[in-house]
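For reference, the structure discussed in these notes is given below.
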Amino acid sequence: MSLNIVIMAAGKGTRMKSATPKVLHKLAGRSLLAHVLGSSEPLAAAARIVITGHGAEAVEAAVAGGGITFVRQMPQLGTGHAIQQAAPALVEGSGQGTTLILNGDVPLIETATARALIDACAGHALVLLTVDLADPTGYGRIIRNTDDGGVLAIVEHKDATPEQRLIQEGYSGMMAAPTGALKRWVGQLRNDNAQGEYYLTDIVAMAVAEGLPVLGVKAHSEVEVLGVNDPVQLSQLERAFQARQADGLMRAGLRLADPARFDLRGTLAHGQDCEIDVNCVFEGQVTLGDNVRIGANCVIRNVAIASGARIHEFTHIDGEQQGASVGAGALIGPFARLRPGAQLGAEVHIGNFVEVKNSTLANGAKANHLAYLGDATVGERVNYGAGSITANYDGANKHRTVIGNDVHVGSNCVLVAPVTLGDGATIGGGSTITKDVAPGDLAVARGKQVALTGWTRPAKKR
């Protein structure tokens, strides 16, 4: 049986008071339409059709690919008119196919609910997605047959009698229908109403008249069918979605200090005994090993954090497309920044107001205060002093700094790349290093770089 999925995304969203098409407003970092497409993707449809209208070019560019077909509704003359535009693109296949109709501004529809509509339709019944509402004001009411529970009609709120308005089951705007019958019905729609529009709900009466079963499948929760018409509703859905994600993560063992102050705008995989404090934002793809602790007010994006690491308060990590990684037992922050290409080994310490970009720090390396490491390869057990930087950009090209194992870099140093500091070298505080330093040498450069060959670093007091 062929399955079509049609997503209506042509509306302007006047109450959003924005030039951005309504379906492109963001929920948890993705557009409303992207959420609907994500929920529908596992259903393996023969055709996925998105109906665009207002801001069509922007909408189509935002979600192009993945076998999506676009049809335009210009002008927008109602939901029935929208499906009329999509009808020529529907695939019938052999036998009775099914067409699932979803709304592009109702982002939290679950795949399981959509599949329940398809299964109930099975190519021979008209199936409406309904929901029980505490306050159904504004929703069309579902009128059921008292004998068999079948749907007889949808009565719009403004047309409902006082008795009908007491009904709490409302129509969500989403349905599944036999494809052949749907094409026939939308071709018969009329616009002789106060709005001069073609209403998709009018096909219910057509199905009843033909003796076709009309069924109602209830959504698991009200949040699944809530749409977005203004910024208030968008923010309410954001919190509902974040609460759903937080609940799932906590049930899987993640400990959140306060799920109401947690935001996930991508994916978060975690090991055992991980804890996240308040006001943290996770974006892109983030993975946490076992026993990871994330302090309050952190922003973490596209990074893998190994077991036992501690990310202290107010740390900002953004791996972007290149990604970033934090090794086992590492200590990061507070007020640290890791940028794309930051690759930190085990037990690395990155302290307050330290920035690391496109650099590899081997096990045990430390940069504890007020420092910058960009385009650098840093060896094991390096101690990188406060106020020191790698000068990696000459105005035209980036160059790399290589710091060997057990190197000590004093405070307020400038390492002018390309430069290599050999294993065990020591750089005196306030030095500007423009030449390579041999292993074990002490280099001091205040105006002119001087290397002391054979110098022995004082032994650490125990």
Side-chain angles (χ1 to χ4, degrees), residues 1-10 36 39-40 43-51 69 71 73 77-104 106 109-131 139-140 142-145 148-156 169-191 197-219 224-225:
M1 181 179 69
S2 297
L3 172 65
N4 300 282
I5 297 175
V6 178
I7 301 172
M8 295 189 288
V36 180
S39 295
S40 68
L43 300 173
R48 287 201 298 170
I49 302 164
V50 175
I51 303 170
T69 299
V71 297
Q73 183 191 15
L77 300 176
T79 53
H81 180 252
I83 303 303
Q84 287 175 349
Q85 313 315 303
L90 298 178
V91 177
E92 290 193 62
S94 59
Q96 281 279 26
T98 295
T99 296
L100 174 68
I101 300 173
L102 304 175
N103 292 326
V106 180
I109 181 70
E110 295 185 11
T111 302
T113 300
R115 184 173 283 114
L117 287 175
I118 296 165
D119 291 344
C121 173
H124 64 78
L126 176 60
V127 184
L128 310 176
L129 181 61
T130 72
V131 61
Y139 281 80
I142 300 296
I143 309 301
R144 290 184 179 268
N145 187 317
D148 60 13
V151 177
L152 295 175
I154 300 173
V155 178
E156 296 299 328
E169 185 180 10
Y171 172 54
S172 70
M174 292 174 276
M175 65 171 64
T179 301
L182 179 65
K183 285 184 173 183
R184 183 174 66 256
W185 294 331
V186 297
Q188 298 170 9
L189 291 174
R190 299 169 60 87
N191 67 339
E197 294 186 349
Y198 299 88
Y199 295 135
L200 185 58
T201 50
D202 288 348
I203 71 172
V204 174
M206 297 178 188
V208 171
E210 292 183 11
L212 203 72
V214 181
L215 311 176
V217 169
K218 290 187 179 181
E224 273 196 271
V225 303

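The figures that follow rest on heavy atoms only: side chains count, while hydrogens, waters and symmetry mates do not. Because the structure is a prediction, the values reported are computed rather than measured.
- With hydrogens and angles ignored, the 3.5 Å screen pairs no side-chain donor or acceptor of Glu224 with any backbone N or O of Ala219.
- Looking only at side-chain heavy atoms (C-beta outward), Leu100 and Leu117 come within less than 4.5 Å of each other.
- Between the side chain of Arg144 and the backbone N or O of Gly149, at least one donor-acceptor pair lies under 3.5 Å.
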inquiry  = Please evaluate residues Ile49 and Ile7 with respect to the criterion side chain to side chain contact (heavy atoms under 4.5 Å, CB included), reporting the C-alpha separation (whole Å), side-chain torsions for both, the decisive distance (0.1 Å), and the verdict.
reply    = CA-CA 6 Å; Ile49 302 164; Ile7 301 172; over 6 Å; no
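- Shortest non-hydrogen contact noted between Ala120 and Val217 is CB-CG2, 4.1 Å.
- Residues Met174 and Ile101 form no side-chain contact, since every pair of their non-hydrogen atoms from C-beta on lies 4.5 Å or further apart.
- Side-chain atoms of His81 and Gln73 include a donor-acceptor pair closer than 3.5 Å.
- The side-chain heavy atoms of Leu126 and Val204, taken from C-beta on, include a pair separated by under 4.5 Å.
- Across every non-hydrogen atom of Cys121 and Pro178, the tightest pair is SG-N, 3.7 Å.
- The CH2 atom of Trp185 sits 10.0 Å away from the CG atom of Leu200 when rounded to the nearest 0.5 Å.
- Among Thr69, Thr79, Ile83, the single residue meeting the side chain to side chain contact (heavy atoms under 4.5 Å, CB included) criterion with Ile51 is Ile83.
- Within the 4.5 Å cutoff, no side-chain heavy atoms of Leu3 are placed close to those of Thr179.
- For the pair Met175/Val127, no side-chain contact is recorded, criterion being any heavy-atom separation below 4.5 Å from C-beta on.
- Of all heavy-atom pairs between Thr98 and Ala122, the closest is OG1-C, 4.0 Å.
- Between the CD atom of Glu169 and the OH atom of Tyr139 there is a distance of 13.0 Å, given to the nearest 0.5 Å.
- The CG atom of Leu90 lies 4.5 Å from the CG atom of Asn4; values are rounded to the nearest 0.5 Å.
- Of all non-hydrogen atoms in Arg48 and Ser40, the two that sit nearest each other are NH1-OG, 3.1 Å.
- Annotation: side chain of Leu129 is in contact with side chain of Thr113 (closest heavy-atom distance under 4.5 Å).
- Under 4.0 Å is where a charged nitrogen must lie from a carboxylate oxygen, and between Glu92 and Lys183 at least one such pair does.
- No side-chain N or O of Ser39 forms a donor-acceptor pair with one of Thr111 less than 3.5 Å apart.
- At least one side-chain heavy atom of Ile142 sits less than 4.5 Å from a side-chain heavy atom of Leu128.
- Considering only heavy atoms from C-beta on, Leu189 comes within 4.5 Å of Met206 through its side chain.
- In this structure, Ala114 and Leu43 approach most closely via the heavy-atom pair CB-CD1, 3.8 Å.
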query = Is there a side chain to side chain contact (heavy atoms under 4.5 Å, CB included) between Val50 and Met8 once you walk through the steps?
reply = CA-CA 6 Å; Val50 175; Met8 295 189 288; over 6 Å; no
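- The minimum heavy-atom distance linking Val91 with Ala47 is given by the pair CG2-CB, 4.0 Å.
- Under 4.0 Å is where a charged nitrogen must lie from a carboxylate oxygen, and between Arg190 and Glu197 no such pair does.
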